[in-house]
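Notes to accompany the following structure.
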Amino acid sequence: MLDKERGLYIAHCANGALSITSKMANRHGLIAGATGTGKTVTLQVMAETFCQAGVPCFMADMKGDLSGISQVGKMSGFIEKRLPEFGIENPEFQACPVRFFDVFGEQGHPMRATISQMGPQLLSRLLQLNETQDGVLNIVFRIADERGLLLDDLKDLRSMLDWVSQHAKEYTTKYGNITSATIGAIQRSLLQLEAQGADKFFGLPSFDIYDLLQTEGGKGIMNVLAADKLMMQPKLYSTFLLWLMSELYSTLPEVGDLPQPKLVFFFDEAHMLFTDTSKALLDKIEQVIRLIRSKGVGIYFITQSPTDIPENILGQLGNRVQHALRAYTPKDQKAVKTAADTFRPNPAFKTDEAIMNLETGEALVSFLDEKGAPSMVERAKILFPLSQIGAITEGQRLDIIKQSLIYGKYDEAKERDSAFEMLIADAERQLAEAEKQETEIDIPKPAEGKAEKKKPGMMSKVWKAVLTAITSTLATILGTYVSDKVTGKKTKSKTSATGRVVKNATSAATRSITKELTRDILGNLVK
């Protein structure tokens with residue numbers, strides 16, 4: 001709730017209001033707690049508070065509950081009971097401007113990225129490649145870049161992998177060994193990814209990051225990603241959000257310390273981001289989180305326990321809301337102790353004991369002060385949302401999508417001449433040139449009786465044409481079987497007979513037949 005005196009008012013404790021300092025909101029944050037303790041409502045309260053301050057937000061909606069932020073809230077018995085606790089008499093229920101997105105394009109505007117934008121490092125994580133396969137994928141990207149081939153979608157990458165496999169020997173000394181087995185393993189991983197529906201994410205038009213940074217009527221637009229289906233593929237979900245963070249980092253200009261953020265990015269189920277992630281990628285994530293605040297972006301992780309976040313990254317999360325944790329096992333107790341140790345102690349209570357006794361909607365809260373130092377932890381109650389709590393109807397969602405200013409911008413997938421089209425065109429061009437060379441045979445001029453001057457290599461072209469004619473004739477004459485005298489074995493079809501005649505054209509028997517047929521077909525042209 002935006003309050004001119006209180007700032008970004010989020011919670012209330014015995015000592016008064018607890019608010020996020022606007023200029024410290026880009027120093028990142030954490031919302032933690034066990035399932036059912038109120039993390040989603042806390043996220044909604046924080047998001048609509050940023051919205052009222054004119055700060056757009058991005059958030060993933062796991063169960064559809066966050067879609068209610070688009071509708072005006074209503075008074076309830078629970079809210080009415082808590083009004084005196086917050087010193088509020090007449091709350092102004094209001095909705096937030098919302099845009100719905102969906103990687104699969106079913107419950108919102110599609111969000112796409114090209115294979116090139118995703119890059120080999122994130123794609124390797126998505127495909128769960130080993131070190132060798134990761135190295136080959138990097139080589140494929142490098143070769144595509146050298147040849148000026150664009151990698152837009154999965155078919156571009158598959159065709160590029162196939163081409164590199166066929167030309168592997170040309171790149172062995174330059175980049176190292178490229179085996180067909182490794183290429184095949186990557187291709188199989190791509191098929192699995194496509195079966196999960198990821199082919200809808202890769203392609204054009206690619207998503208414009210600046211569409212997340214817009215306001216409407218002085219309020220920041222809430223960009224809500226439908227993630228109920230996406231969550232079924234945890235690697236795709238976490239890699240997609242990591243790509244989005246990376247794009248923000250690489251695209252947005254440096255702005256230094258602003259009075260308030262340009263965007264707040266909520267990363268729900270954050271533990272998925274760090275599961276089975278390589279050291280190199282973890283280092284990159286840490287770098288992005290450390291430096292992206294200078295781009296005016298605040299990252300807020302939502303997860304069950306602070307232990308889900310690597311220590312180096314956890315130390316950068318200054319604004320914290322910790323809901324209740326359960327401690328039934330020694331491991332759980334250790335997690336509670338770790339969570340308590342991340343707060344600045346309050347002599348009024350023991351932090352670790354308070355964490356286990358918090359009620360739903362209650363939390364331990366610590367925000368950064370004006371100087372960037374963490375405030376003393378307080379036991380507080382989170383405000384109630386001014387927008388609707390719970391999901392909206394499909395009809396309401398569809399109306400919001402159609403009224404959006406970007407409606408139609410991403411709906412239809414587009415194609416351009418990328419790697420797939422370019423490699424096919426190149427193969428067709430080579431085939432046409434080969435066919436042209438095979439038909440360029442000098443025929444004697446009837447008037448002069450003299451052959452035209454032959455071009456260099458013309459005799460080899462003549463022999464190639466002769467051999468083609470001989471092969472075709474033999475296949476026709478001999479039918480479905482080739483004489484044992486020629487091939488030494490039987491062939492089951494005309495096509496295979498042709499191939500075997502070509503293969504055995506150097507044998508003595510074949511040369512004899514070739515000589516006789518050549519004279520009959522082309523007369524005295526070849527002697």
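The shown structure was predicted, so the numbers you read here are calculated from the model rather than taken from an experiment. If you read the sequence from its start, that first residue is 1, and numbering goes on from there.
Side-chain contact annotation: Arg125 with Ser238, donor-acceptor N/O pair under 3.5 Å present.
Atom CE of Met232 is surrounded by 12 or fewer heavy atoms from other residues, nucleotides or ligands within 6.0 Å. Counting heavy-atom neighbours within 6.0 Å of Glu85 CD, excluding the residue itself, gives a total above 12. In Glu216, the CD atom is not crowded: 12 or fewer heavy atoms of neighbouring residues, nucleotides or ligands sit closer than 6.0 Å. Heavy atoms of other residues, nucleotides or ligands lying less than 6.0 angstrom from CD of Glu412 number 12 at most. Atom CE of Met111 has more than 12 neighbouring heavy atoms from other residues, nucleotides or ligands inside a 6.0 Å radius. Heavy-atom contacts from other residues, nucleotides or ligands closer than 6.0 Å to CD of Gln187 number more than 12. Within 6.0 Å of the CD atom in Glu254, the count of heavy atoms belonging to other residues, nucleotides or ligands exceeds 12. Applying the 6.0 Å contact sphere to CG of Asn130 captures more than 12 heavy atoms from other residues, nucleotides or ligands.
Applying the salt bridge (charged side-chain N to carboxylate O under 4.0 Å, His left out) test to residues at least two apart or on different chains, the pairs with a partner in residues 195-208 are Asp208-Lys409.
Cation-pi geometry between Arg320 and Phe367 is not met: the NZ or CZ atom fails to fall both under 6.0 Å from the ring centre and inside 45° of the normal. Cation-pi contact between Arg158 and Trp163: absent, since separation from the ring centre below 6.0 Å together with deviation from the ring axis within 45° is not met. Stacking of Lys295 on the aromatic ring of Tyr249 is recorded, both the 6.0 Å distance cut-off and the 45° axial limit being met. Taking the ring axis of Phe104 as reference, the NZ or CZ atom of Lys229 stays within 45° of it and closer than 6.0 Å to the ring centre. Remark: Lys402 fails to qualify as a cation-pi partner of Tyr407 under the 6.0 Å distance and 45° angle criteria applied to the six-membered ring.
Of all heavy-atom pairs between Leu282 and Pro310, the closest is CD2-CG, 4.3 Å. In plain terms, the two heavy atoms of Arg112 and Asp411 that are nearest each other are NH2-O, 3.5 Å. Considering all non-hydrogen atoms of both residues, Phe202 and Leu154 come closest at CD1-CD2, 3.9 Å. Closest approach of Leu150 to Asp417, counting heavy atoms only: CD1-O, 4.2 Å. Taking every heavy atom of both residues into account, Tyr237 and Ala227 meet most closely at CE1-CB, 4.3 Å. Counting all heavy atoms, side chain and backbone alike, Ala95 lies closest to Val72 at CB-N, 3.6 Å.
The side chain to side chain contact (heavy atoms under 4.5 Å, CB included) search around Glu170 returns His167, not counting sequence neighbours. Legend: residues meeting side chain to side chain contact (heavy atoms under 4.5 Å, CB included) with Asn26, ordered by chain and number and at least two apart, are Pro261, Arg293.
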Practice prompt. Tell me, with the steps shown, if Gln107 and Asp228 meet side chain to side chain donor-acceptor pair (under 3.5 Å).
Written response: CA-CA 10 Å; Gln107 301 181 66; Asp228 51 344; 3.2 Å; yes
Practice prompt. Show your reasoning for whether side chain to side chain donor-acceptor pair (under 3.5 Å) applies to Gln133 and Thr182.
Written response: CA-CA 6 Å; Gln133 295 161 355; Thr182 301; over 6 Å; no
Practice prompt. Go through Lys219 and Gln94 one step at a time and tell me if the side chain to side chain donor-acceptor pair (under 3.5 Å) criterion holds.
Written response: CA-CA 11 Å; Lys219 293 183 177 182; Gln94 54 188 286; 2.9 Å; yes
Practice prompt. Would you please test Gln44 and Ser387 for side chain to side chain contact (heavy atoms under 4.5 Å, CB included) and show each step?
Written response: CA-CA 8 Å; Gln44 186 169 344; Ser387 55; 2.9 Å; yes
Discussion item. Under the criterion side chain to side chain contact (heavy atoms under 4.5 Å, CB included), I'd like the reasoning laid out for Leu314 against Leu30: C-alpha separation, chi angles, the key distance, then a yes or no.
Written reply: CA-CA 8 Å; Leu314 185 62; Leu30 173 69; 3.9 Å; yes
Practice prompt. With side chain to side chain contact (heavy atoms under 4.5 Å, CB included) as the test, would you mind laying out the steps for Ile382 and Val321 before giving the verdict?
Written response: CA-CA 9 Å; Ile382 305 298; Val321 177; 4.0 Å; yes
Worksheet entry | Derivation of the side chain to side chain donor-acceptor pair (under 3.5 Å) call for Ser305 and Thr307 | CA-CA 5 Å; Ser305 172; Thr307 57; 2.8 Å; yes
Item to complete: Take Arg326 and Thr37 through the test side chain to side chain contact (heavy atoms under 4.5 Å, CB included) and record every step on the way to the result.
Response: CA-CA 10 Å; Arg326 313 306 178 202; Thr37 56; 3.7 Å; yes
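Salt-bridge check for Arg416 with Asp152: passed, with a basic side-chain N closer than 4.0 Å to an acidic carboxylate O. Look at Lys23 and Glu370 and you find a salt bridge, because one of the NZ, NE, NH1 or NH2 atoms lies within 4.0 Å of a carboxylate O, short of that distance. Salt bridge absent: Arg344 and Glu378 never bring a charged side-chain N and a carboxylate O closer than 4.0 Å. Remark: Arg397 does not engage Asp102 in a salt bridge, criterion side-chain N to carboxylate O under 4.0 Å. Note on Lys155 versus Asp153: salt bridge recorded, some NZ/NE/NH1/NH2 to OD/OE distance being below 4.0 Å.
For the atom pair CG (Leu273) and CD1 (Ile289), the distance works out to 7.0 Å, reported to the nearest 0.5 Å. From Gln304, atom CD reaches atom CD1 of Ile31 across 14.0 Å, with rounding to the nearest 0.5 Å. The distance from atom OG1 of Thr42 to atom CD of Glu362, rounded to the nearest 0.5 Å, is 11.5 Å. Taken to the nearest 0.5 Å, the CE atom of Met160 stands 10.5 Å off from the CG atom of Asp156. We find the CG-OG distance between Leu8 and Ser19 to be 7.0 Å, quoted to the nearest 0.5 Å. Atoms CD and CD, from Gln396 and Gln71 in turn, are 4.5 Å apart once rounded to the nearest 0.5 Å.
Taking the ring centroids of Phe207 and Tyr410, they lie under the 6.0 Å cut-off.
Using cut-offs of 30° and 60° for the angle between ring planes, the Phe301 and Phe267 rings count as tilted. In this pair, Phe266 and Tyr300 present their aromatic rings tilted. The plane angle is within the 30 to 60° band. Relative ring orientation between Phe240 and Phe201 is described as perpendicular, the plane-to-plane angle rising above 60° on a 0-90° scale split at 30° and 60°.
Within the 4.5 Å cutoff, side-chain heavy atoms of Thr239 are placed close to those of Met118. No side-chain heavy atom of Val55 sits less than 4.5 Å from a side-chain heavy atom of Leu263. Counting heavy atoms from C-beta on, the side chains of Ser70 and Phe100 come closer than 4.5 Å. No side-chain heavy atom of Val224 sits less than 4.5 Å from a side-chain heavy atom of Ser67.
Remark: side-chain polar atoms of Asn223 are paired, donor with acceptor, to backbone N or O of Leu212 under 3.5 angstrom.
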